[in-house]
Amino acid sequence: MKAIDTGRLRSRAAAGLVVLAILAAAGSAAAAGLVPRSLGPTTSAVVTIEKSYAAGTIVIVSGNRTLDLVISEGRAIRYKIGVGRDGFRWSGTVKVGRKAEWPDWRPPAEMKARAAGLPDLVPAGPLNPLGARGIYLYKGGADTLYRIHGTNEQSTVGGFASSGCFRMSNADVIDLYERVKVGSTVIVK
């Protein structure tokens, strides 16, 4: 007769309970209308741009709440975005340091200091504020903690609402994610 490893069974049972708790929370959130039923609208349009940038460059104009992905000389795909609220807008040139599908979210210490009660980690999924994709912005090889990301709060796209990140509908950020490469230049004006 083979001995039963009760420690392993308890570990599997605990993992199963965690999964059930997450599914129950997601089910409750869906029933309460908190989980989005769609990826949001697609706002992309091909536009003519005046300044010359290399193809693959992202140009964000915070005042206009637009993100342009340059596709060729004088042409870009333009998306509607949400940007930083007063006191949280910034400008400069950064690079795409990494990309993630359905990223988890770890609120930075500064944000946690402003908003007591934020968790250390929000796992990936429909309740995560980073939405369907995250494009991580780096400067000098270091993570700036700013992101171009999706959102489940569609009403914030097109507004001044974030703490410095750039929000897109999940449909738009999925499209951008497929087009942009790690190492691409991002110019924020």
Side-chain angles (χ1 to χ4, degrees), residues 18 21-22 24-41 43 58-69 79-174 176-177 180 182 184-189:
V18 168
I22 291 170
S28 295
L34 300 175
V35 177
R37 298 286 182 221
S38 77
L39 294 175
T43 66
I58 294 173
V59 180
I60 295 171
V61 180
S62 293
N64 295 341
R65 294 167 316 282
T66 58
L67 181 152
D68 291 351
L69 174 62
Y79 303 90
K80 181 178 173 181
I81 62 171
V83 301
R85 61 187 180 273
D86 287 343
F88 290 91
R89 285 187 290 281
W90 58 278
S91 61
T93 301
V94 294
K95 297 277 187 184
V96 173
R98 76 180 190 93
K99 305 183 328 178
E101 295 184 23
W102 294 103
D104 58 13
W105 180 53
R106 296 178 189 280
E110 299 84 4
M111 186 177 287
K112 288 176 73 173
R114 288 191 309 270
L118 282 176
D120 290 334
L121 170 70
V122 178
L127 302 178
N128 188 302
L130 294 186
R133 302 290 184 271
I135 299 169
Y136 296 69
L137 305 179
Y138 281 58
K139 185 161 184 106
D143 188 351
T144 64
L145 302 180
Y146 294 117
R147 316 280 185 252
I148 300 168
H149 64 80
T151 184
N152 297 322
E153 294 181 78
Q154 187 56 47
S155 63
T156 65
V157 175
F160 298 95
S162 79
S163 293
C165 287
F166 305 102
R167 296 178 183 177
M168 305 177 77
S169 74
N170 282 323
D172 279 347
V173 80
I174 289 170
L176 178 65
Y177 181 95
V180 72
V182 170
S184 295
T185 299
V186 180
I187 300 167
V188 181
K189 300 179 177 187

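Side chains of Ser62 and Lys189: no donor on one and acceptor on the other come within 3.5 Å.
Note that NZ of Lys99 and OH of Tyr177 are 5.0 Å apart. Values are rounded to the nearest 0.5 Å. Separation of atoms SG (Cys165) and CG (Leu145) is listed at 8.5 Å; rounding is to 0.5 Å. Within the model, atoms CZ of Arg85 and OG1 of Thr156 stand 11.0 Å from one another, a figure rounded to the nearest 0.5 Å. Here the straight-line distance linking atom CD1 of Ile174 with atom OG of Ser169 works out to 8.5 Å at 0.5 Å rounding. To the nearest 0.5 angstrom, Asn128 atom CG is 8.0 Å from Trp105 atom CH2. Note that OG1 of Thr93 and CG of Leu137 are 11.5 Å apart. Values are rounded to the nearest 0.5 Å.
Using a 4.5 Å heavy-atom cutoff, the side chains of Arg114 and Ser163 are in contact.
A donor-acceptor pair under 3.5 Å links the side-chain atoms of Arg89 to the main chain of Gly84, judged by distance alone. Judged purely by atom type and a 3.5 angstrom limit, Asn170 uses its side chain to pair as donor or acceptor with the backbone of Ala132.
Taking the six-membered ring for Trp and thresholds of 30 and 60 degrees, Trp90 and Phe166 have ring planes inclined between 30 and 60 degrees apart.
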* Asked: Can you list the steps and then say if Met168 with His149 is a side chain to side chain contact (heavy atoms under 4.5 Å, CB included)?
  -> CA-CA 6 Å; Met168 305 177 77; His149 64 80; over 6 Å; no

* side chain to side chain contact (heavy atoms under 4.5 Å, CB included) evaluation trace for Lys95 with Thr185 -> CA-CA 5 Å; Lys95 297 277 187 184; Thr185 299; 2.9 Å; yes

* To do: Start with the C-alpha distance between Ile148 and Ile58, add both sets of side-chain angles, then the distance that settles side chain to side chain contact (heavy atoms under 4.5 Å, CB included), and finish with yes or no.
  => CA-CA 11 Å; Ile148 300 168; Ile58 294 173; 4.2 Å; yes

* To do: Apply side chain to side chain contact (heavy atoms under 4.5 Å, CB included) to the pair Asn152 and Leu127, showing each step before the final yes or no.
  => CA-CA 7 Å; Asn152 297 322; Leu127 302 178; 5.7 Å; no

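Residues Pro107 and Asp120 come closest through the heavy atom pair CD-O, 3.6 Å. Ser162 approaches Phe88 most closely through the heavy-atom pair O-CB, 3.8 Å. Here the closest heavy-atom approach between residue Pro103 and residue Leu130 is recorded as CG-CB, 3.8 Å. In plain terms, the two heavy atoms of Arg65 and Gly63 that are nearest each other are NH1-O, 3.0 Å. The heavy-atom pair separating Leu69 from Tyr79 by the smallest distance is CB-CE1, 4.5 Å. Nearest approach of Ala171 to Pro41, heavy atoms of both residues: CB-O, 3.8 Å.
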